Amino acid sequence: MKTHPMKLVTIVCEAYAQDAVTKLLHEVGAHGWTLFSVEGDGSQGKRPADIREFANIQIEAVVQPEVSERLLERLAKDFFPRYAMIAFESDVRVLRREKF
Amino acid sequence: MKTHPMKLVTIVCEAYAQDAVTKLLHEVGAHGWTLFSVEGDGSQGKRPADIREFANIQIEAVVQPEVSERLLERLAKDFFPRYAMIAFESDVRVLRREKF
Amino acid sequence: MKTHPMKLVTIVCEAYAQDAVTKLLHEVGAHGWTLFSVEGDGSQGKRPADIREFANIQIEAVVQPEVSERLLERLAKDFFPRYAMIAFESDVRVLRREKF
Amino acid sequence: MSIFEAISANLLSPAVLFFALGLIAALTKSDLKFPEPLYVALTIYLLVAIGFKGGVAIAEAGIAKVWLPALAAMVLGALIPLWTYPVLRFGGKFSAVDAAAIAAHYGSVSAVTFIAATNYLKAINQPYENYATAFLAVMESPAILVGVVLGKLGTRASAGPDFSSMKTAIHEALFGRSIFLLVGALLVGWLCGKPGMEKVESFFVTPFQGVLALFLLEMGMVAGRRLGDLKKVGPFLLAFGIVMPLIHGAIGVWLGKVAGLELGGATLMGVLAASASYIAAPAAIRMSLPDANPAFYLTSSLAVTFPFNIALGIPIYYEIALWFYH
Amino acid sequence: MSIFEAISANLLSPAVLFFALGLIAALTKSDLKFPEPLYVALTIYLLVAIGFKGGVAIAEAGIAKVWLPALAAMVLGALIPLWTYPVLRFGGKFSAVDAAAIAAHYGSVSAVTFIAATNYLKAINQPYENYATAFLAVMESPAILVGVVLGKLGTRASAGPDFSSMKTAIHEALFGRSIFLLVGALLVGWLCGKPGMEKVESFFVTPFQGVLALFLLEMGMVAGRRLGDLKKVGPFLLAFGIVMPLIHGAIGVWLGKVAGLELGGATLMGVLAASASYIAAPAAIRMSLPDANPAFYLTSSLAVTFPFNIALGIPIYYEIALWFYH
Amino acid sequence: MSIFEAISANLLSPAVLFFALGLIAALTKSDLKFPEPLYVALTIYLLVAIGFKGGVAIAEAGIAKVWLPALAAMVLGALIPLWTYPVLRFGGKFSAVDAAAIAAHYGSVSAVTFIAATNYLKAINQPYENYATAFLAVMESPAILVGVVLGKLGTRASAGPDFSSMKTAIHEALFGRSIFLLVGALLVGWLCGKPGMEKVESFFVTPFQGVLALFLLEMGMVAGRRLGDLKKVGPFLLAFGIVMPLIHGAIGVWLGKVAGLELGGATLMGVLAASASYIAAPAAIRMSLPDANPAFYLTSSLAVTFPFNIALGIPIYYEIALWFYH
Ligand SMILES: Nc1ncnc2c1ncn2[C@@H]1O[C@H](COP(=O)(O)O)[C@@H](O)[C@H]1O
Ligand SMILES: Nc1ncnc2c1ncn2[C@@H]1O[C@H](COP(=O)(O)O)[C@@H](O)[C@H]1O
Ligand SMILES: Nc1ncnc2c1ncn2[C@@H]1O[C@H](COP(=O)(O)O)[C@@H](O)[C@H]1O
Ligand code: NA
Ligand code: NA
Ligand code: NA
C-alpha cells in the first residue's frame with residue numbers, strides 16, 4: 001500500500017523542558033507528538049528519574065522534512081546550550097500524508 | 001557482523017485499542033512486540049494519560065517486510081477510522097533473522 | 001543544517017539485564033543511553049511488567065558505526081543466549097557529532 | 001433542613017472542597033498532576049473498601065433483606081437505556097451508535113458518586129442501609145450490555161470489525177476491573193463477615209473519608225481538563241447531563257421506597273440511578289462499540305453529570321427522598 | 001482445633017480470600033491490573049513495617065534471647081540448598097546451574113508468607129515471639145550465596161561472562177532491595193525501640209493487616225498469570241514445590257523448639273524454612289547465574305509453593321508445631 | 001536539655017534514622033528504589049495533610065493572630081535573596097544568573113524540613129502554634145520571584161529565548177504543584193474547620209508521622225545519590241549551605257519573637273528561614289532561568305542544606321529559640 005516518506009524527530013531532554021519543547025513543536029508546525037518518561041545517562045550525568053528534578057522525557061514527532069529542518073535549527077540555537085538534551089532525525093514512512 | 005534488513009512498525013494509539021492491536025499483530029504474523037505507556041497530542045486532542053480513558057500506548061514490532069505490508073493495510077482499514085492513532089514504518093537491521 | 005549519520009542501537013531485554021547492558025554500553029564506547037520501562041511479548045512469553053521479575057526495559061543508544069558493530073557482537077555472544085532480549089540497529093542523523 | 005442548607009452543608013465538606021480545588025488546578029493550568037498509578041491505586045482502594053464493607057453488611061443483614069431492592073436496582077439499570085436511547089436518538093439527533101453508547105453510561109453507575117453520597121449521609125447523620133453497596137454492584141453491568149446491544153442493532157453488523165464483538169462487551173461488562181473489584185470485594189466481605197472486618201477495619205474503613213477527599217482532588221483535575229470539550233458536545237447533551245439525572249434520581253428514590261428501603265437507602269438508590277458511569281462503561285463501550293464517539297459519552301458523564309451530582313445532585317436527591325418519606 | 005478447622009479458619013480470612021480473588025482475576029483474564037509502582041509501594045510498606053516491628057521487639061526482648069534461634073535459622077537457611085541441590089540434580093535430572101538456582105530459592109525465604117503466618121497466628125490468638133522477624137531477616141541471604149557457589153562450581157567458570165561475577169551475587173544478596181529494607185528497618189526499630197514505635201505505630205502497625213489483604217489480591221494475580229507455565233516445569237518440580245516445604249516446615253519447627261522458642265516462634269521458624277523466596281533470590285540469581293532458567297525456579301516458588309503455603313501450608317506447620325509441643 | 005541531648009534526641013527519631021538508612025542505600029548502591037509515582041504520592045499526601053491541618057488551625061485561632069507573623073515571614077522570604085545574592089556573586093564568584101538562582105532557593109522554603117521540625121517539637125513535647133503552616137505557605141513564592149528578577153537583570157534580556165519569560169516564572173511561583181497543594185489544602189482546611197477535620201483526621205493526621213518516616217527514607221536516597229556532585233559545587237557553596245542556614249535560622253527565630261510568636265512558633269519560623277527549597281524553586285528556576293546551572297542550586301539545597309537541617313539544624317534552631325526566650 002502507498003506510503004509517504006516523513007521525518008521522525010526524537011528529542012531526549014530533562015522533564016522541565018517539556019513545555020518549552022512542545023511549544024516549539026507547535027511553532028515549527030508539527031501536528032502532534034508522543035511523550036515517554038525515560039531514564040538516561042549522558043555527558044551531564046545520570047538521570048535516574050527518582051525525583052522530577054532528575055527525570056528525563058523523550059518526545060517523538062513525525063513531521064514534514066522542512067519542519068524537521070526548522071525544528072533542529074531552533075533546538076540547536078535555543079535548547080542545546082541550556083538543557084541536558086539530545087535530538088536526532090530518522091526516515092519513516094506513513095500512510096496518511098495529510099495527517100502530518 | 002552479518003545483519004538482516006527488517007521493518008519496524010510503530011503504532012501509537014489509545015490504551016483501549018491494546019487488545020485489538022496485539023490481536024492483529026498476532027494475526028498478521030508478528031512474533032513479538034514491545035509496548036510503551038505514553039502521553040501524546042494530536043488531531044484528536046491531548047492525551048495526558050491522567051486516567052486510562054485518556055491514556056496512550058506505543059507498540060513497536062520488528063517484522064518481515066510482507067508482514068509490515070499486511071499490518072499497515074489492516075490498520076488503515078479497521079483501525080484508523082475508529083481510534084485516535086498513528087502508524088509508521090522504518091528500516092532496521094537485526095542479527096537473528098529467524099527470530100522475526 | 002548540517003547533520004551527521006550515526007547508528008541508533010535499540011535493545012529490548014528483561015529488567016534484570018539492565019546493569020549488565022549499561023556496563024557493556026560503557027565498555028564498547030557509547031557516551032550515553034536512554035532507558036524505557038516497557039511491556040512485551042516474544043518467543044519467551046509475555047512480560048506484563050506486573051513484578052520486576054517479569055518487567056522489560058528498552059535501551060536506546062546513539063553511537064558511532066564502529067561502536068554499534070562492537071556492541072552487537074558482544075550482545076550476540078554473551079547476552080542473546082542468556083536473556084529474553086532483542087536488539088536492532090537503524091540509521092539516524094545528529095547535529096553535534098562530537099557528542100556521540 | 002432546607003434544600004439550601006443541605007446543599008451548602010455538602011459544598012463545605014472536605015470532599016467537595018477538594019474536588020473544587022482540583023477543578024481550579026486544571027483551570028489555572030497548575031503543573032500539579034497525580035501520576036496514573038496513584039489514580040489507579042486510589043480507585044482500587046475505594047472500590048475494594050466499599051465492596052468489602054457492603055459484603056460484610058449483607059452478611060449482617062441477611063440476603064433476605066437485600067435481594068428484592070437489589071433486583072429492583074438491577075432492572076432499573078437495564079431499563080434506563082431503553083428510554084434514554086430514543087431521547088438521544090430523536091431528541092438529540094445522535095447517531096444510533098452514539099445514542100446507545102451514551103444511554104449505556106447513564107444506565108450504569110458511578111461508584112465514586114455513590115461513595116460521596118454515603119459520606120454526605122454520614123455527615124448529616126442520616127442512617128442508611130450499609131448493604132446498599134449491593135445495588136451499586138449489580139447496577140453497573142446490565143445497562144452496559146443493553147447499550148451495546150442497542151448499538152449493534154443500530155449499526156450494520158458488517159460495519160464493525162471482528163475485534164468489536166459482543167463477546168468483548170460481555171467479558172468487559174462482567175470482568176472489567178471496576179466491576180470485578182467491587183463484586184469480588186463484596187463477596188469476600190460477605191464470606192468473612194464481621195470477624196474479617198475487625199481485622200482490616202483500620203485500613204478499609206477508618207481512613208476512608210480522607211482517601212476519598214484526596215481522590216476527589218484528582219477527579220476535580222480530571223473533570224476540569226475536559227471542560228474544554230463541553231463546546232464539542234453541544235447544548236442538548238449539556239442539558240441532558242443535568243436533567244436526566246434529576247429524573248432518574250426521582251425514579252430511583254421512588255423505586256427504593258417501593259422496594260421497601262428506608263430513607264437513607266432510597267436516597268442512595270436515587271443517587272445510583274442519577275449517576276453516570278465513567279470507568280466501567282467507557283472501557284466496555286470503547287472496546288465493543290469503537291464507532292461511538294467518546295467525546296460525547298465521556299464528556300457528558302465526566303465533565304457534566306459527575307460534577308453536578310457531587311456538588312448539587314446528592315443533596316437534591318436527598319431532599320426528594322425526604323419529600324417522598326414525609 | 002483439628003487440622004481441618006485450622007485450614008478452613010485460614011481459608012476464610014480476608015487475606016486468603018483476597019488472594020483467591022486475585023487468582024480468579026488472572027484466570028478470568030479480567031483487565032484488573034495493579035500498576036508496578038503500586039506493587040513496589042506495597043512491598044516497601046510491608047517490609048519496612050515488619051522489619052521495624054521486629055527491631056522494636058528485639059529491643060524489648062534483648063539480644064540475649066534472640067541470637068541463638070537467629071543463628072539456628074541462619075544455619076538452617078545455608079544448609080537447605082545442600083540437600084535440595086542433589087535432590088534436584090539427580091532426582092529431578094536438572095542441570096547443575098538450574099538445580100543450584102532452585103535450591104537457593106528454597107533455602108531463602110518469602111517475607112509475605114512469613115507475614116501471612118503472623119497474621120494467621122494473630123487470628124487464632126496464638127501468641128508468638130515478635131522478634132521472630134529477626135529470623136526472617138537473617139535467613140534471606142545465606143542460601144542465595146550457597147546456591148550461587150553451587151551453581152558456579154557446577155558450570156565451567158569460563159562459561160559465564162564477567163558480568164555474572166560472584167561479586168554481583170554477594171552485593172545482591174546483601175544489598176538487594178528486600179534484604180536491605182528488612183534489615184535496615186529492623187536496625188532502625190532496634191535503635192529507637194518503644195518510644196519510636198509510639199510515633200509511627202498508627203501507620204506501620206494499625207492498618208497493616210488491611211494492606212496485606214490488598215497486597216495478596218495482587219499476589220493472587222501475579223501467581224495466577226504464571227499458572228500457565230506449570231506445564232513447562234514438569235511433574236517433578238510440582239511435587240518438589242509441595243513436598244519439600246512440608247519437610248522443611250517440620251525441620252524448621254523442630255529446630256525452633258531445640259533453639260528454645262515457644263510454640264508460636266517455632267511455627268514461624270517452620271514457615272520460614274518451608275517458604276521459597278520470590279523477590280530476593282530471583283534478582284540475585286538472575287544477575288549472577290544468568291544461565292539458570294527462570295521458568296523453573298520462579299514458577300515453582302511463585303506459582304506452586306507460595307500459593308500452597310498461603311492456603312494450606314501455614315495451618316499445617318502450626319499443627320506440626322502443636323504436635324511437637326504437646 | 002543541652003544542645004547535645006537535643007541533637008541526639010533528634011538523631012534517634014525514626015524519621016532521621018530512616019533518612020540515614022536512605023543515605024546508606026544510596027552509598028552502598030543498593031538496588032532499592034522508590035518508583036517516582038510513589039515519591040509524588042508521598043509528597044502530595046504530606047503537603048495536603050500539613051496544609052489542611054494548618055488551615056483548620058487558622059480557623060481555630062482566627063486570622064487576627066496569624067496575619068502579622070505571616071506577613072513578617074513573607075517579607076523575610078523576599079529579603080533573603082537580596083543579601084544572599086551579593087554574597088554568592090562577589091564572595092563566591094558565581095555568575096549573576098547562578099547567584100540569583102541559588103539565592104531564590106535559600107529565600108524559599110522546604111516543606112519537608114518544616115514538617116520534620118514540627119515532628120521534632122512534638123517529640124520533645126514543645127507546644128507550637130499549629131497555624132505556623134501559614135508561614136510555610138506564604139514563604140515559598142516571594143523569594144522565587146525576587147530571584148528570577150535578579151537573574152533577569154543580571155543577564156542581557158536578549159540572552160534568554162522567549163520561552164523563559166517572566167510570565168513563566170510568576171505562573172510557576174503561584175501555581176507550581178507544591179505551592180498550589182499547600183495553599184489550596186490550607187484554604188480547604190480553613191473553610192471546613194474542625195468539623196471537616198473530624199472527617200479526615202484518621203487519614204491526614206493519625207498516620208502522618210509514619211508516612212514522613214517512609215518519605216525520609218526516600219529523601220535519604222535522593223540526597224545520597226547527589227553526594228557525588230559535591231565536588232562539582234566547590235568549598236564555598238558547601239560552607240554557604242551550612243553557614244547561611246544558621247544565620248537565617250537565628251534571624252527567623254528573632255523575627256518570630258518580634259512578631260509575637262511563642263517559643264515553638266519562633267523555632268518554626270527559624271527553620272523556615274534556614275531551609276532551602278528543593279521542589280518549588282528548582283522547577284520555577286529551571287523554567288524561567290534555564291541558563292542557571294542546576295548542579296549549583298540543587299546540590300547545595302538537596303545534598304548539603306537539607307541533610308544538615310534534618311540532622312543538626314532543627315535542634316540547633318530550637319536551642320537558639322530557647323536562648324532567645326529565656
Ligand atoms: N548517546 C546517547 N544515546 C541515547 N541517549 C542519549 C545519548 N546521550 C544522551 N542521551 C540521553 O539524553 C539525555 C541528556 O544527555 P546529556 O545532555 O548528554 O546528559 C541523557 O540523560 C540520555 O537520556
Ligand atoms: N505527528 C505526530 N508525531 C508523533 N506522534 C503523533 C503525531 N500525531 C499523533 N501522534 C500520536 O498519536 C496519538 C493519536 O493521534 P491523533 O489521532 O492525531 O489524536 C496522539 O495522542 C499522539 O500520541
Ligand atoms: N518482533 C518483535 N518486535 C518488537 N519487540 C519484540 C519482538 N520480539 C521480542 N520483542 C521484545 O523483546 C522481549 C524479549 O523477546 P523474547 O526473547 O523473544 O521473549 C519481548 O518481551 C518484547 O518486549
Ligand atoms: Na445511572
Ligand atoms: Na525456605
Ligand atoms: Na529559606
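Order of the sequence lines sets the chain letters (A, B, ...), proteins ahead of strands, with each chain counted from 1. Everything numeric here is computed off the predicted structure, so don't read it as measured data.
By the 4.5 Å heavy-atom criterion applied to side chains, Ile51(C) and Thr43(E) are not counted as neighbours. Looking at Arg286(E) and Tyr83(C), their side chains come closer than 4.5 Å, going by heavy atoms from C-beta outward.
Residues Glu36(E) and Asp50(C) approach most closely at CG-O, 3.7 Å, considering heavy atoms. The shortest heavy-atom contact between Pro282(E) and Glu53(C) is CB-CG, 3.8 Å. The two residues Met287(E) and Tyr16(C) come nearest to each other via the heavy atoms CE-CD2, 3.5 Å.
The OG atom of Ser178(E) lies 13.0 Å from the CZ atom of Arg52(C); values are rounded to the nearest 0.5 Å. Atom CD of Glu172(E) and atom CG of Asp19(C) lie 8.0 Å apart (nearest 0.5 Å).
When the shell of 6.0 Å around CZ of Arg97(C) is examined, it contains 12 or fewer heavy atoms from other residues, nucleotides or ligands. Atom NZ of Lys46(C) is surrounded by 12 or fewer heavy atoms from other residues, nucleotides or ligands within 6.0 Å. More than 12 non-hydrogen atoms from other residues, nucleotides or ligands lie less than 6.0 angstrom from NZ of Lys2(C).
Neither the backbone nor the side chain of Leu38(E) comes within contact range of chain C; no heavy atom of the residue lies under 4.5 Å from a heavy atom of that chain. Neither the backbone nor the side chain of Pro81(C) comes within less than 4.5 Å of any heavy atom in chain E. If you measure heavy-atom distances from Gln18(C) to chain E, you find no contacts under 4.5 Å at all.
Residues of residues 214-237 of chain E that come closer than 4.5 Å to chain C, counting heavy atoms only, are Glu218(E), Val222(E), Arg225(E), Arg226(E), ordered by residue number.
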